[in-house]
Amino acid sequence: MKKLLIGTIVAGVVALGASCSNNASPHSSMQGHNASKEENTAKHSSRQLPLATTTEVLSGKEIHLTAKEALLQINDKVKLPIYTYNGSVPGPQIRVKQGDTVKIHLKNELPEPITIHWHGYPVPNSQDGVPGVTMNAIKPGETFTYEFTATVPGTYWYHSHQESAKQVDKGLYGTLIVEPKHEEKADRDYTLVLDEWVSDPNEENMHMNGMDHSNMEHGNGSDHQHMNMNRIGHDMSMYDIFTINGKSGSAVKPLKVKKGEKVRLRLVNAGYMSHQLHLHGHEFKIVAADGQPLNDPQPIKDELLNIAPGERYDIEFTANNPGEWLLECHGDMKGADGMKVKIQYEGEKGSADKANATEDLPVVDMTSYGKQKLGEFTLDQKYDVEYTMNLGTAMGKDGMVYTINGKTYPETTPVHVKKGDLVKVKLVNDSPADLHPMHLHGHFFQVLSKNGKPMTGSPLIKDTLNLNPGEEYVVAFKADNPGNWMFHCHDLHHASAGMVTEVKYKDYKSDYAPNPNDTTNHPE
């Protein structure tokens, strides 16, 4: 049964990283969902799977995770077979303190190999969890222990990097919170993980190797070669149900607050679409991006926070407006209505809020948000390595491919560095319709400019940066974590179809050597 999920997309299958407000019309086969389809989906399992459990919080210096199958009850109508860490989606929140050395023991009870990649976290290269690059995939029945020191506080997440377009789509992810040594804690601290699902994962909907190329003319090879590249796009409307912490709509657990409390929301996008979130009834501050604090963030209200795949944003607000309010995704895609959560005041009366997901609101501009100050890098300083990364969409012999400087992985040219180098990278999105949230493993980078204009807000330190079509960013980082590190698009369908390169340290020698005869490892 598991082979029927959209998560089974393999290399060469591609998708547009659309936002909630994408106007692509849904498949006719996706217009509705009924109980019989859901029952048929569940019946495909060769054995009865247990229902997914509530996400737990695991703390301490030794963590045990088990990857296993389950059924996820997304709402009162949709139940899907999934992959989990410890039986839940998201998997356990691993919560550790800055300075702790942690061991995570991962046992694989799934029918296929897996790994864990610590997304955004500067772990030693050997612990990065990329099969065939830093380790072998963990085969069914095997256990592997990850070990690293939690040096940098903030909000991160973890997910499988083995056939990741498939396995992350099936739910194989969780969150990692590293608490700083000294911090004024919020009164309430909630983590909200955003994702999208296909409510009716059947083979009829998975034509063309799993994706509906809705804007493409289906014909012979010569037709494909002559198609207008400006019309290329991929219909993401098969993802017709959006979730927060694995639940949708009224099934999402409300967030309880009391008047006067400081509330922190950690927002994590584990899906393949950008989501624009609106907090109703309150001013809020964006206090961190990808786990890194922002300088002197100013209060904002009735602006949308755009969260691209792989990104994290921490926001804080004071509960000073009693009632029942919404945090909701804005947009007109079919699933957007399910991505909302109630904020309920305890012991207070107030009017119930109303959804307004179609209201046109401004989007927060992160290039000018917060107070400007001198960061570690500037545009005009001297760099040891400079690299231009042109991101493209093209037709390959087997379908759509996603390219870096005209090539697909593993033919892409790596960024060659040595320890201590200062590295500047220009990223340019040449794709006519695709978003590319680019993620660098093992390092943080500072965003220096957008479309030729220097940043005017807080220094923006990130590990994942979203580029819309036509956009250009310049980023910089210090090569301070030796290893072989992936730099790839976090619409993982794009990565699986080629949009990957590596940052390779010339002076690094890995203890890991992949077996050329082992066909198990599939890093994307």
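Atom set for the values below is all heavy atoms of this structure, side chains included, hydrogens, waters and symmetry mates excluded. For reference, positions follow the sequence shown, starting with 1.
Lys371 has its side chain out of reach of Ser458: every pair of non-hydrogen atoms, C-beta onward, lies at least 4.5 Å apart. Between Arg264 and Val287 the shortest side-chain heavy-atom distance falls below 4.5 Å. You'll find the side chain of Leu192 reaches within 4.5 Å of the side chain of Leu255, heavy atoms only. Between Gln292 and Val152 the shortest side-chain heavy-atom distance falls below 4.5 Å. Here the side chains of Met366 and Leu294 are in contact, with some heavy-atom distance below 4.5 Å. Looking at Leu277 and Ile315, their side chains never come closer than 4.5 Å, going by heavy atoms from C-beta outward. The shortest side-chain heavy-atom distance between Tyr173 and Asp195 falls under the 4.5 Å cut-off. Using a 4.5 Å heavy-atom cutoff, the side chains of Val263 and Thr318 are not in contact.
Separation of atoms CG (Leu106) and OH (Tyr85) is listed at 6.0 Å; rounding is to 0.5 Å. Here the OG1-CD distance, from Thr456 to Gln372, works out to 6.0 Å after rounding to the nearest 0.5 Å. From Met438, atom CE reaches atom CG of Leu440 across 9.5 Å, with rounding to the nearest 0.5 Å. If you take CG on Asp434 and CG on Leu391, they are separated by 10.5 Å, rounding to the nearest 0.5 Å. Taken from CE in Met339 to CD1 in Ile241, the straight-line distance is 10.5 Å, to the nearest 0.5 Å. The distance from atom NZ of Lys166 to atom CG of Leu172, rounded to the nearest 0.5 Å, is 10.5 Å.
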Exercise for the section: Begin from the C-alpha positions of Arg312 and Asp463 and carry the test salt bridge (charged side-chain N to carboxylate O under 4.0 Å, His left out) through to its verdict. Expected result: CA-CA 10 Å; Arg312 290 90 60 213; Asp463 54 70; 2.8 Å; yes
Practice task
Please step through side chain to side chain donor-acceptor pair (under 3.5 Å) for the pair Ser431 and His494, ending with a clear verdict.
Solution key: CA-CA 11 Å; Ser431 293; His494 296 180; over 6 Å; no
Exercise for the section: Take Lys170 and Glu112 through the test salt bridge (charged side-chain N to carboxylate O under 4.0 Å, His left out) and record every step on the way to the result. Expected result: CA-CA 13 Å; Lys170 293 190 73 169; Glu112 59 186 275; 5.4 Å; no
Practice task
Could you check Ile94 against Leu65 for side chain to side chain contact (heavy atoms under 4.5 Å, CB included), going step by step and ending with a plain yes or no?
Solution key: CA-CA 10 Å; Ile94 299 173; Leu65 298 177; 4.2 Å; yes
Practice task
For side chain to side chain contact (heavy atoms under 4.5 Å, CB included), just list the numbers for Lys247 and Gln73, CA-CA rounded to whole Å, side-chain angles, deciding distance to a tenth of an Å, and then say yes or no.
Solution key: CA-CA 7 Å; Lys247 301 292 182 181; Gln73 188 79 52; 4.1 Å; yes
Practice task
Evaluate side chain to side chain contact (heavy atoms under 4.5 Å, CB included) for Val96 paired with Lys61, printing each intermediate quantity in order.
Solution key: CA-CA 7 Å; Val96 299; Lys61 298 181 181 180; over 6 Å; no
Exercise for the section: Check step by step if ring pair (Phe, Tyr, Trp, His ring centres under 6.0 Å) holds for His488 and His441. Expected result: CA-CA 9 Å; His488 65 96; His441 288 209; 5.1 Å; yes
Practice task
Starting from the C-alpha separation in whole Å, work towards a yes-or-no answer on side chain to side chain contact (heavy atoms under 4.5 Å, CB included) for Leu427 and Phe445.
Solution key: CA-CA 12 Å; Leu427 299 127; Phe445 52 76; 5.9 Å; no
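Although no hydrogens or angles enter the test, the distance criterion places no donor-acceptor pair under 3.5 Å between the side chain of Tyr313 and the main chain of Leu265. For the pair His119 (side chain) and Gly310 (backbone), a donor-acceptor distance under 3.5 Å is present. Side chain of Glu328 to backbone of Asn356: a donor-acceptor contact under 3.5 angstrom is found. Within the 3.5 Å criterion, the main-chain N or O of Gly370 finds a donor-acceptor partner in the side chain of Gln298. In this structure a side-chain-to-backbone donor-acceptor pair under 3.5 Å is missing from Glu56 to Pro92. Panel note: side chain Thr464, backbone His439; no donor-acceptor pair is recorded below 3.5 Å. A distance-only check finds no donor-acceptor pair linking the side chain of Asn321 to the backbone of Glu283 [under 3.5 Å]. With Asp290 contributing its side chain and Gly120 its backbone, the two residues share no donor-acceptor pair below 3.5 Å. Put simply, the side chain of Thr115 gets close to the backbone of His161: a donor and an acceptor are under 3.5 Å apart. Remark: the backbone N or O of Ser199 is paired with a side-chain donor or acceptor of Asp240 at under 3.5 angstrom.
Listed here is the closest heavy atom pair of Pro309 and Pro437: O-CB, 3.5 Å. Taking all atoms of both residues into account, the shortest heavy-atom contact from His493 to Ala165 is ND1-CB, 3.7 Å. The two residues Leu435 and Ser274 have their closest heavy-atom pair at CD1-OG, 3.9 Å. Of all non-hydrogen atoms in Val102 and Gly60, the two that sit nearest each other are CG1-O, 3.8 Å. Smallest separation of non-hydrogen atoms from Asp302 and Leu279: OD1-O, 4.4 Å.
Under the side chain to side chain donor-acceptor pair (under 3.5 Å) criterion, the residue pairs touching residues 248-258 are Lys256-Gln344, with sequence neighbours excluded.
One side chain, His117 or Asp128, offers a donor N or O that lies under 3.5 Å from an acceptor on the other. Between the side chains of Asn245 and Tyr190, no donor-acceptor pair of N or O atoms lies under 3.5 Å. Using modelled atom types, one finds no donor on one side chain facing an acceptor on the other under 3.5 Å when comparing Glu311 with Asn466. Under the 3.5 Å distance criterion, with hydrogens and angles disregarded, no donor-acceptor pair is assigned to the side chains of Tyr402 and Asp491.
Tested against Asp169 for a side-chain hydrogen bond (donor to acceptor under 3.5 Å, both in side chains), the candidates Tyr272, Tyr239, Trp197, Tyr83 yield a single pass: Tyr239. When each of Asp353, Leu326, Leu327 is paired with Lys342, the side chain to side chain contact (heavy atoms under 4.5 Å, CB included) condition holds for Leu326 and for no other.
Aromatic ring centroids of Tyr158 and Tyr156 lie 6.0 Å or more apart. Between Trp157 and His490, the distance from one ring center to the other falls under 6.0 angstrom.
For Lys97 and Glu179, the salt-bridge test passes: some basic side-chain N is under 4.0 Å from an acidic carboxylate O. With respect to the salt-bridge test (charged N to carboxylate O, under 4.0 angstrom), the residues Asp189 and Arg95 qualify. Between Asp187 and Lys262, none of the side-chain N atoms (NZ, or NE/NH1/NH2) sits under 4.0 Å from a carboxylate O, so this pair counts as no salt bridge. Ion pairing between Lys103 and Glu62 fails under the 4.0 Å rule for side-chain N and carboxylate O. A salt bridge between Arg188 and Glu261 is present, with a side-chain N of the basic residue lying under 4.0 Å from a carboxylate O of the acidic one.
Counting non-hydrogen atoms of other residues, nucleotides and ligands closer than 6.0 Å to CG of Asp360 gives a total of 12 or fewer.
Taking the six-membered ring where the residue is Trp, His282 and Phe317 present tilted rings, their angle falling between 30° and 60°.
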